Amino acid sequence: MRIIPALALAIVLSAQAQAADQKTALGMPATYRPAVTVEGPTVLLGDIFLGVERDADKVIATAPYPGEQVVLDHAWLSRVARTYGVNWQPASRMDRVALSRASQVLDRQTIDGLVQDALARDGLAGDYAVDFDLRTPEIHLPVDARDLARLQQFQLDRRTMRFSAVLITPANHPESKRFALVGRAFEQITLPALARRVNPGEVVDERDLVWIKVRSDQVAANALTDASHILGQSPRRQLQPNRMLTRNDIETPILVKRNSIVTVVFRHPGMELTGQGKATANASLGETVRVVNPTSNKQFDAVVTGRGTVAVGAVPRARVAHIQGN
């Protein structure tokens, strides 16, 4: 916010207003508005003073830039009142007006889109993220601007993917400004990620997956790029959603624990029997584990088909492959 002293803000004087300064025709006492917001580039007498009998539509000053605010002090208000014959005198040095200019904001997404469009015109039709060397300021535009922005002088070094351009905003507008843009474009890679927080021991299925975009320079060498590498797996630690996953994040889940009681399915053509046994080691889906018959104390090999379940005989490989994501 800036405080504008007397005469610091240009007052637009007409011949009629200057004459009024010499021969003031005072009307009813006027009051001023402590806070004023204008939309256009000029300030009217009626924007500042209430109770003005004439000249309310006279342009008296240039408005601040869109989105900015200035403070008009008592001396400035007094000069305007004298110049235009307004019946007003400051009550104290604290009399002042906060004058603001309404605006619309040019968001970062729009600027990124302009650069991406320029890349596409340059023959790069992929998905690119944009990183500027300097933090782009919040750009306020006049409320009547329609064509918000355009790029000029776009140049790209394909080897480094660095670019430069001139941003003109708003485009084709009397109050247009120019900003220099310098930055780098990065191709984006689509990777599988978790849609929710997943804890160790949980098995990831298709409902747990989403796809995220990651800048190519931020993709880890051991990143998991295929959903089949995640389905049927379990986190080594609690994993947060919407983050890139690596081989270090997951492991094949232990579905049968050492010394645990498991359900044993005995399969034979035309026959299926179930019983119980005791696993002698940890095992994951599809792995073979040694099982002890608790009655005869004999040992046999079985294949893990689910949590706490093993099978002997014809193992349903299709089910195992589906759970593993193969």
Side-chain angles (χ1 to χ4, degrees), residues 1-4 8-12 14 35-48 57-72 97-190 213-218:
M1 179 187 299
R2 294 178 291 151
I3 297 180
I4 303 300
L9 188 65
I11 302 176
V12 181
S14 66
V36 175
T37 300
V38 298
E39 293 190 354
T42 58
V43 183
L44 306 182
L45 185 65
D47 292 330
I48 303 297
D57 59 349
K58 288 291 183 180
V59 175
I60 62 170
T62 301
Y65 288 116
E68 292 188 1
Q69 183 184 86
V70 296
V71 174
L72 312 177
V97 173
L99 174 63
S100 303
R101 174 88 177 270
S103 68
Q104 55 179 319
V105 176
L106 180 66
D107 57 62
R108 171 64 187 270
Q109 184 177 357
T110 299
I111 301 175
D112 287 0
L114 291 173
V115 175
Q116 290 163 355
D117 290 344
L119 291 170
R121 289 193 297 269
D122 220 40
L124 300 175
D127 191 358
Y128 289 86
V130 177
D131 188 16
F132 296 109
D133 288 0
L134 299 177
R135 183 175 178 269
T136 54
E138 187 174 66
I139 300 175
H140 291 262
L141 309 180
V143 295
D144 64 345
R146 294 295 176 262
D147 190 2
L148 298 186
R150 60 188 174 92
L151 289 185
Q152 278 190 345
Q153 304 173 28
F154 183 81
Q155 295 182 335
L156 174 69
D157 183 336
R158 285 175 174 265
R159 183 179 60 84
T160 63
M161 292 302 292
R162 292 192 58 79
F163 65 85
S164 64
V166 175
L167 175 70
I168 300 176
T169 180
N172 305 314
H173 194 278
E175 295 183 272
S176 292
K177 290 185 178 182
R178 299 166 71 90
F179 298 87
L181 297 181
V182 178
R184 186 179 176 188
F186 298 87
E187 187 175 5
Q188 294 195 114
I189 308 298
T190 302
K213 293 179 179 180
V214 181
R215 278 177 24 176
S216 57
D217 64 317
Q218 297 175 348

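Note that the coordinates shown come from a computational prediction; the quantities given were computed from them, not determined experimentally. Side chains are part of it too, since the values below use all heavy atoms of this structure and drop only hydrogens, waters and symmetry mates.
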| request: Check the pair Leu114, Arg150 against side-chain contact (heavy atoms from CB on, under 4.5 Å), reporting the backbone distance first and the verdict last. | output: CA-CA 7 Å; Leu114 291 173; Arg150 60 188 174 92; 5.6 Å; no
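- Between Pro66 and His140, the shortest heavy-atom contact is O-CB, 3.1 Å.
- What you find for Asp131 and Arg108 is that their closest heavy atoms are CA-NH2, 4.3 Å.
- A salt bridge links Asp133 with Arg162: at least one charged nitrogen is closer than 4.0 Å to a carboxylate oxygen.
- One finds the CD atom of Gln152 at 5.5 Å from the CZ atom of Arg178 (value rounded to the nearest 0.5 Å).
- The aromatic rings of Phe163 and Phe132 lie perpendicular to each other, with more than 60° between the two planes, well past the 30° mark.
- In this structure, Arg101 pairs ionically with Glu175, as a charged nitrogen and a carboxylate oxygen lie closer than 4.0 Å.
- A salt bridge does not link Asp117 with Arg121: none of the charged nitrogens is closer than 4.0 Å to a carboxylate oxygen.
- The distance from atom OG of Ser164 to atom CZ of Phe154, rounded to the nearest 0.5 Å, is 8.0 Å.
- For the pair Pro170 and Pro142, the tightest heavy-atom approach, listed with the atom from each and the gap, is CG-CD, 3.8 Å.
- The shortest non-hydrogen separation linking Leu124 to Arg158 is CD2-NH1, 3.2 Å.
- A pairwise comparison of heavy atoms in Asp47 and Thr42 identifies OD2-O, 4.5 Å as the closest pair.
- Between Leu151 and the choices Val166, Thr169, Ile168, Val115, the side chain to side chain contact (heavy atoms under 4.5 Å, CB included) rule is met once, by Val115.
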| request: Please lay out, stage by stage, how Gln188 and Val214 fare under the test side-chain contact (heavy atoms from CB on, under 4.5 Å). | output: CA-CA 5 Å; Gln188 294 195 114; Val214 181; over 6 Å; no
